[in-house]
Amino acid sequence: MPLQIVRDDITVMEVDAIVNAANESLLGGGGVDGCIHRAAGPALLAECKTLGGCKTGSAKITGAGKLPCKYVIHAVGPCWMGGSHRERELLISCYRTSLELAREHKCESVAFPLISSGIYGYPKDQALKIAIDTISEFLFEHEMTVYIVIFDRKAYEISEKLFSDIASYIDDHYVEEHTDNRAERARRFQAFEESQPIWESVESSSFEKGFAADFAPLAVSPKPKAGGLKQKVFGIKQKSLDDAIRQMDESFSEMLLRKIDESGMTDAECYKKANIDRKLFSKIRSDRLYKPSKTTVIAFAIALELSLAETEDMLKKAGFALSHSNKFDIIIEYFIEQGNYNVFEINEALFAFDQSLLGA
Ligand code: AR6
């Protein structure tokens, strides 16, 4: 997964580089800076002393002393002074400079703390959004695995409005699922009806007519009329019967590649938008019978901006379904209904609700 949010102590991360939230002197301090210097030992401070400090919004790189990583990137975030002192611009610049330094040093994996969100007082929800937006923008251009490391629960906040909107959406749907069986039965019945063949006019070969006739007894409405065979096979509108038959046998991987073609996206655009690792995508591409995890399927459905019904279709190919009995599925449904297909924003919310993240 190119961008991951994890709960951990950054000093134990086994990555090529960790980022330190430092100050302009680069000579150590409290917070994560203190933890990193304590874990790295005196060699880190000795090297930092040779650097001549660092400007706010920028970063410098050193070795890592006794830490399990190879490098420490010391980034100096802005102190929060109300928001009108270029804080946002400086914080973005911290992330960009750090990522560039990591790239120049051929790092394949980097872990960031939420820079400026502790002693420097940057509002946590805004600091998190800047981190996610800036890192994901970088990952569209470059191959790297980046972790945002959250040390304590309090350090992690999504916007209050988003949190309460999702919380009430979850509440509503849990209620509907668990207390109103009639409503749920109606929903299932409607879904069943929508999945049934409806027949509309088609000029077809005798094989197709035979096939259509075989399925006619299953049609709910309307019945085929004499002289004008009707078709809408398994909910697929305006497709030829040939296409419909082909799609019934389609595997997940084939469906994915077809959907990417239909969307006009390149493969790379799609797997990056899905927060899926390039190597995993090649595996899926070359194995027609690849069995993906549910989070992988949904990540692709989000990247392809599929509707809820299309997402269900894609999930079915891999043997999964969405249900109202778990939070993860309801949160996904919430974002699809909102038309918000930003996988990183969805992950922000999933993490806030302690759910698995999208991607692989
Ligand atoms: N692992 C991951 N994250 C951590 C850890 C850890 N071990 N410890 C703290 N955090 P802060 P700043 C989180 O205060 O706001 C220092 O004195 C913490 O919960 O470390 O950029 C420097 O020398 C918070 O979310 O950095 C500067 O003077 C985030 O790391 C000043 O503090 C950043 O909090 C920099 O302040």
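Not counting sequence neighbours, the partners of Phe351 by the ring-ring contact (aromatic ring centres under 6.0 Å, His included) test are Tyr156. Phe138 pairs by the ring-ring contact (aromatic ring centres under 6.0 Å, His included) definition with His142, not counting sequence neighbours. In terms of the ring-ring contact (aromatic ring centres under 6.0 Å, His included) criterion, Tyr290 has no residue partners (sequence neighbours excluded). A search for ring-ring contact (aromatic ring centres under 6.0 Å, His included) contacts involving Phe163 returns Phe353, not counting sequence neighbours. Take Arg38 and apply the salt bridge (Lys or Arg N to Asp or Glu O under 4.0 Å) test, not counting sequence neighbours, and it matches no residue.
Annotation: side chain of Phe112 is not in contact with side chain of Ile18 (no heavy-atom distance under 4.5 Å). A 4.5 Å side-chain heavy-atom check between Phe151 and Ile10 finds every atom pair outside the cut-off. Met144 has its side chain out of reach of Ile135: every pair of non-hydrogen atoms, C-beta onward, lies at least 4.5 Å apart. Here the side chains of Leu350 and Ile5 are not in contact, with every heavy-atom distance at 4.5 Å or above. Put simply, the side chain of Glu333 reaches to within 4.5 Å of the side chain of His324, judged on heavy atoms. Considering only heavy atoms from C-beta on, Lys259 comes within 4.5 Å of Glu310 through its side chain.
Atom CD1 of residue Ile132 and atom CD1 of residue Ile148 lie 4.5 Å apart, to the nearest 0.5 angstrom. Atom OG in Ser307 sits 10.5 Å away from atom CD in Glu337 (nearest 0.5 Å).
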Verify side-chain contact (heavy atoms from CB on, under 4.5 Å) between Phe328 and Ile332, making sure each step is shown before the conclusion. CA-CA 6 Å; Phe328 175 87; Ile332 297 301; 4.0 Å; yes

Using the side-chain contact (heavy atoms from CB on, under 4.5 Å) rule, take Tyr271 and Leu280 through it: C-alpha gap first, then chi angles, then the decisive distance, then the call. CA-CA 9 Å; Tyr271 69 70; Leu280 177 69; over 6 Å; no

Between Thr295 and Leu357, is the side-chain contact (heavy atoms from CB on, under 4.5 Å) condition met? List the steps. CA-CA 7 Å; Thr295 51; Leu357 305 191; over 6 Å; no

Leu308 and Leu322: CA distance, side-chain angles, deciding distance, side-chain contact (heavy atoms from CB on, under 4.5 Å) verdict: CA-CA 9 Å; Leu308 212 46; Leu322 288 176; 4.0 Å; yes

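By the 4.0 Å N-to-carboxylate-O rule, Lys273 lies close enough to Glu305 to be salt-bridged with it. Salt-bridge annotation for Asp313 and Lys317: absent, with no side-chain N of the basic residue lying under 4.0 Å from a carboxylate O of the acidic one. Taking the charged nitrogens against the carboxylate oxygens, Lys283 and Asp277 have no contact shorter than 4.0 Å, which rules out a salt bridge.
The main-chain N or O of Lys161 is found under 3.5 Å from a side-chain atom of Ser164 such that the two form a donor-acceptor pair. Side chain of Asn275 to main chain of Met1: no donor-acceptor pair is present (N/O by atom type, distance under 3.5 Å, no hydrogens or angles).
By the 4.5 Å side-chain criterion applied to Ile, Leu, Val, Met, Phe, Trp and Tyr, Leu45 is assigned to a cluster that also includes Leu27. Through side-chain heavy atoms spaced under 4.5 Å, either directly or across other Ile, Leu, Val, Met, Phe, Trp or Tyr residues, Ile119 is tied to Tyr120.
In the hydrophobic clustering of ILVMFWY residues, with side-chain heavy atoms under 4.5 Å counting as a link, Val146 and Ile276 come out together. Val6 and Phe344 sit in two unconnected hydrophobic clusters of ILVMFWY residues. Membership requires side-chain heavy atoms under 4.5 Å apart, directly or through other members.
Residue pairs meeting the ring-ring contact (aromatic ring centres under 6.0 Å, His included) criterion with at least one partner in residues 35-67, sequence neighbours excluded, do not occur; the list is empty. Among pairs with a residue in residues 110-136, those fulfilling salt bridge (charged side-chain N to carboxylate O under 4.0 Å, His left out) read Lys129-Asp133, Lys129-Glu345, at least two apart in sequence or across chains. Sorted by first and then second residue, the side chain to side chain donor-acceptor pair (under 3.5 Å) pairs involving residues 42-56 (not counting sequence neighbours) are Glu24-Thr56. Within the structure, every pair that satisfies the side chain to side chain donor-acceptor pair (under 3.5 Å) test and touches residues 103-116, not counting sequence neighbours, is listed here: Glu100-Arg103.
The minimum heavy-atom distance between Phe320 and Ser293, with the atom names listed, is CE1-C, 3.8 Å. Nearest heavy atoms, Ile260 versus Ser263: O-OG, 2.7 Å. Asp329 and Ala321 get closest at one heavy-atom pair: OD2-O, 3.6 Å.
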Distance-only check: which donor-acceptor pairs under 3.5 Å involve side-chain atoms of residues 70-82, not counting sequence neighbours?
unit_1	atom_1	unit_2	atom_2	d
His74	ND1	Asn20	ND2	3.3
His74	NE2	Thr62	OG1	2.9

